[in-house]
Amino acid sequence: MQLYKSQPLKVYNSLSGTKELFEPINEGHVGMYVCGPTVYSNVHLGNCRTFMSFDMIFRYLRHLGYKVRYVRNITDAGHLEDDAGEGEDKIAKKARLEQIEPMEVVQRYTVDFHEILQKFNFLPPSIEPTATGHIIEQIEIIKDILEKGFAYETNGSVYFDVQKFNTTYEYGKLSGRKLEDMIANTRELTAQDEKRNPQDFALWKKAEPQHIMRWPSPWGDGFPGWHLECTAMSTKYLGETFDIHGGGMDLKFPHHECEIAQAEASNGHAPVKYWLHANMLTLNGRKMAKSTGNNILPNEIFTGENSILSKAFSPSVVRFFMMQAHYTSILDLSDEALLASEKGFIRLMEAIETLEKLKGSTSQQAEADFEVTAWRQKCYDAMNDDFNTPVLIAHLFEAVKQINLLKEGKRSISEEDRALLQQLMHVFVFDVLGLEKKNNGSSGMDKLADVVQLLIQLRNEARSNRDFETSDKIRDQLAEIGIQLKDGKEGTSFTVL
RNA sequence: GGCAUCGUGGCCGAGUGGCUAGGCACAGCUCUGCAAAAGCUUGUACAGCGGUUCGAAUCCGCUCGAUGCCUCCA
């Protein structure tokens, strides 16, 4: 039996503003669409947090036994920097600055995006479509919306008629806005405008002669509006109605609002059952954003080459840090917070290693100090409550404590329970949270381990000769290098910090 | 100005009408040749002011403060 049948999942739906029981449209199958990056510069850490949240969600849904089709797009068509049609296309701008072809920009940063996500141990999505690969689909939707009367053409551009749409449907229901308020609060209207109303948004933009990224259309050469690609690709791969649509909080308005409008105008019904929004990562208390320069690149964290942090942190530590906060909460990045997470992460990993080496007792019925089955359900309850990873991690540390007590012989556990606990720790830590054991398996590490074992042996010899000067020298100098020796009942182990 | 979210102990961060979140740091103890690691113990937190309630950090109102969106942004 699939796990999801016994583990009811609740998700916070931005559309209703409440936690709802998750019931996919087709039993056993989940369709999930997440707005991907615009590839005109390196992914910064804030971007990564959003994708990591949905990676975790993807992992958990799969773990529950759902067959998930996860679509995450790449926005590789340039979009204007402002909606008034005055800004420059971001990708074209970058291409001009770097004196390369726009598609070179796209390629470069798509590769960068994938490299970074791989370091963070992301699972690849099921489909990763590009906007430029779906121009035809986008044009078809525009034609459809035009036919239904919810859009109009002006000078080779096509705009979505928000006010008209609002007479039949409800524009603003996702972000809690009312069109009347928006109209009332419209900022001073600069003359320009092919748009009938300031709230209208572009479905298709006419390309000026110097614009490189351009495609032919019934309205002349141009390029698609930003909101349209997601509607086109989600519909194509997940259908007119699908289960989960995710993205960053900052996309809620106008992007997701416009997606809903486009889909409803075209199909006559809502496209998405559950809207999930991941919250922002802040740096120094401010939102990380490419446009403000307040950001840090993942590689700058991994290498330690930055002016914000005191040292380098591994991708898994960063991932653990992020998983310690709920995905719907704002999380602030700081050196102190990362340092604290790193220590916790190491403790967690060592407990898992310890557990693997332990042996359960065969005979005596182990005392019920720690009931693995009850603990298991607590972990699931946490995840079932809108993917509450911080609470899951709290439970994991409960197990860490028990494992350390077992190691010291202060608790006993049946082999059956030990094996179950080991399996569950692997499931939650590696499969669901997507963490990775650091230092796994490279041959250099194996050799280092052998060398350290040798030093431990020398130190023990010195200690038994009561030559503490030598033994402490070995211990302290290893510590300086960043190798910590830990004496336990069954000998000495070590950690590379 | 409008809409929204949030304000938790030294730091990070869950929770949300009565029952210990957790991590990190700090202190004491156990262990240790001394340490470290590990374990045990301790911390009387919920922005402020009112209100509802037998009971509120949790619900309501107001005030203050922070952030996000309202223009591209995960």
Side-chain angles (χ1 to χ4, degrees), chain A residues 17 34-38 40-41 43-54 75 78-84 86-90 172 175-178 181-182 184-187 199 226 246-255 257 277-282 285-292 295 320-321 324-326 328-345 347-348 350-351 354 382 385 388-398 400-401 403-405 407-408 410-411 463 466 468 471-472 475-476 479 484-489 492-495:
Chain A
V34 172
C35 293
T38 303
Y40 69 101
S41 64
V43 255
H44 64 72
L45 199 66
N47 293 303
C48 293
R49 184 189 180 203
T50 295
F51 301 130
M52 192 181 289
S53 297
F54 288 101
T75 297
H79 295 294
L80 300 183
E81 290 186 316
D82 72 36
D83 225 17
E86 294 185 2
E88 204 174 350
D89 165 337
K90 282 178 294 192
S175 53
R177 284 157 213 256
K178 290 205 164 26
D181 296 344
M182 291 171 61
N185 292 319
T186 300
R187 293 175 184 182
Q199 292 74 35
W226 174 41
M249 258 321 212
D250 49 352
L251 296 185
K252 205 169 174 184
F253 187 90
H255 184 57
E257 203 70 75
H277 286 99
N279 219 136
M280 301 293 100
L281 180 70
T282 59
R286 301 250 155 201
K287 178 189 166 186
M288 264 192 214
K290 289 175 185 173
S291 55
T292 60
N295 66 54
F320 180 71
F321 162 73
Q324 275 184 301
H326 189 80
T328 58
S329 296
I330 293 172
L331 174 64
D332 192 54
L333 182 88
S334 69
D335 193 45
E336 262 189 318
L338 276 175
L339 248 14
S341 286
E342 183 174 53
K343 290 195 177 173
F345 174 75
R347 204 155 83 90
L348 178 63
E350 290 185 349
T354 302
D385 184 16
N388 199 327
T389 53
V391 169
L392 170 67
I393 290 172
H395 295 326
L396 294 179
F397 275 103
E398 212 176 286
V400 167
K401 194 175 187 174
I403 291 166
N404 285 326
L405 286 168
K407 184 186 178 188
E408 294 193 3
K410 291 179 178 166
R411 291 279 191 286
R463 287 173 80 198
R466 304 196 64 78
F468 296 124
S471 67
D472 287 357
R475 178 231 283 156
D476 296 340
Q484 179 188 47
L485 299 186
K486 297 182 299 186
D487 296 330
K489 282 225 157 56
T492 303
S493 59
F494 72 96
T495 303

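In what follows, chains are A, B, ... by sequence order, proteins preceding strands, each numbered from 1.
- Listed candidates were G33(B), A14(B), A74(B). Nearest to the side chain of Asn388(A) is A14(B).
- Here the side chain of Ala325(A) is nearest to one of C34(B), G68(B), A14(B), namely A14(B).
- If you check the side chains of Asn279(A) and Ser329(A), you find no donor sitting under 3.5 Å from an acceptor.
- For Lys90(A), whose side chain is taken as the heavy atoms from C-beta onward, the closest listed nucleotide among C72(B), C34(B), A74(B) is C72(B).
- Closest to the side chain of Lys486(A), from the set U67(B), G13(B), A37(B), is A37(B).
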Extract from the structure each pairing of a protein N or O with an N or O of nucleotides 23-28 of chain B at less than 3.5 Å, listing the distance.
residue	atom	partner	partner atom	Å
G23(B)	OP1	Arg347(A)	NH2	3.3
C24(B)	OP1	Arg347(A)	NE	3.0
A25(B)	OP1	Lys343(A)	NZ	2.9

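- Counting any heavy atom pair closer than 4.0 Å across all strands shown, Glu408(A) reaches a base atom.
- Within the 4.0 angstrom heavy-atom criterion, no nucleotide atom of any strand lies near Leu338(A).
- Looking at Asn47(A) and Pro37(A), their side chains never come closer than 4.5 Å, going by heavy atoms from C-beta outward.
- Between Phe320(A) and Phe397(A), the angle of the ring planes goes over 60°, which puts this pair in the perpendicular group of the 30/60° scheme.
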With the criterion being N/O to N/O and under 3.5 Å, what pairs connect the protein with nucleotides 40-42 of chain B, and how long is each?
residue	atom	partner	partner atom	Å
C40(B)	OP1	Lys401(A)	NZ	3.3

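- Distances were taken from every side-chain heavy atom of Leu251(A) (C-beta onward) to each of G13(B), A21(B), A74(B); the shortest belongs to A74(B).
- Atom CD of Glu398(A) is separated from atom CG of Leu396(A) by 9.5 Å, given to the nearest 0.5 angstrom.
- Contacts of Ser175(A) with the nucleic acid, taken as non-hydrogen atoms under 4.0 Å apart, involve only primed sugar atoms and P, OP1 or OP2.
- C11(B) atom P lies 16 Å from atom CG of Asp335(A), rounded to whole Å.
- Residue Phe468(A) is classed as a base contact, given a heavy-atom separation below 4.0 Å to a base.
- Note on Arg475(A) versus Asp487(A): no salt bridge recorded, every NZ/NE/NH1/NH2 to OD/OE distance being 4.0 Å or above.
- Distances were taken from every side-chain heavy atom of Gln484(A) (C-beta onward) to each of C12(B), A35(B), A37(B); the shortest belongs to A37(B).
- No engagement by Gly488(A) is indicated, since no non-hydrogen atom pair under 4.0 Å with the nucleic acid exists.
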Quick one, Val391(A) with Asp385(A), criterion side chain to side chain contact (heavy atoms under 4.5 Å, CB included). Give me CA distance, side-chain angles, the key distance, then yes/no. CA-CA 10 Å; Val391(A) 169; Asp385(A) 184 16; over 6 Å; no

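- The CZ-C1' distance, from Phe321(A) to A14(B), rounds to 15 Å in whole Å.
- Taking the P atom of each, G68(B) and G13(B) are spaced 15 Å apart, rounded to whole Å.
- Asn404(A) comes within 4.0 angstrom of the backbone, heavy atoms only, and of no base.
- Following rounding to the nearest Å, Arg463(A) (CZ) and C34(B) (P) show an atom-to-atom distance of 10 Å.
- The shortest side-chain heavy-atom distance between Thr328(A) and His277(A) does not fall under the 4.5 Å cut-off.
- Gly46(A) comes within contact range of at least one nucleobase, with a heavy-atom separation under 4.0 Å.
- For A74(B), the base has no donor-acceptor partner in the side chain of Asn279(A) [N/O atoms by modelled type, under 3.5 angstrom].
- Comparing G33(B), G13(B), C69(B) against the side chain of Ser471(A) picks out G33(B) as the nearest.
- Heavy-atom contacts from other residues, nucleotides or ligands closer than 6.0 Å to NZ of Lys178(A) number 12 or fewer.
- When distances are taken from the side chain of Met288(A) to each of A74(B), A21(B), C34(B), the shortest belongs to A74(B).
- Heavy-atom nearest nucleotides on RNA chain B were determined for His395(A) and for Lys287(A), and the one closer to the 5' end corresponds to His395(A).
- For Ile330(A), the side-chain atoms get nearest to U67(B) when compared with the rest of U67(B), A37(B), A74(B).
- Considering only heavy atoms from C-beta on, Met249(A) stays 4.5 Å or farther from Ile330(A) through its side chain.
- Proximity of a side-chain donor or acceptor of Glu257(A) to a complementary backbone N or O of Gly172(A) within less than 3.5 Å is detected.
- Side-chain atoms of Lys486(A) and Glu350(A), non-hydrogen and from C-beta on, do get closer than 4.5 Å to each other.
- A straight line from CG of Leu333(A) to P of C11(B) spans 17 Å, rounded to a whole angstrom.
- Distances shorter than 4.0 Å separate some side-chain N or O of Asn47(A) from OP1 or OP2 on A74(B).
- At A14(B), one or more side-chain N or O atoms of Ser329(A) fall inside 4.0 Å of OP1 or OP2 (strictly under the cut-off).
- Remark: RNA chain B takes part in the stems B:1-7 with B:64-70, B:10-12 with B:22-24, B:27-30 with B:38-41, B:47-51 with B:59-63, each of 3 or more antiparallel Watson-Crick or G-U pairs, criterion distances under 3.5 Å.
- Here His255(A) lies out of heavy-atom contact (under 4.0 Å) with every strand.
- The shortest non-hydrogen separation linking Gly247(A) to Thr50(A) is C-CG2, 3.9 Å.
- Distance CG (Leu281(A)) to P (A74(B)): 13 Å, rounded to an integer number of Å.
- Side-chain proximity of Arg475(A) to the nucleotides G22(B), C70(B), C34(B) is greatest for C34(B).
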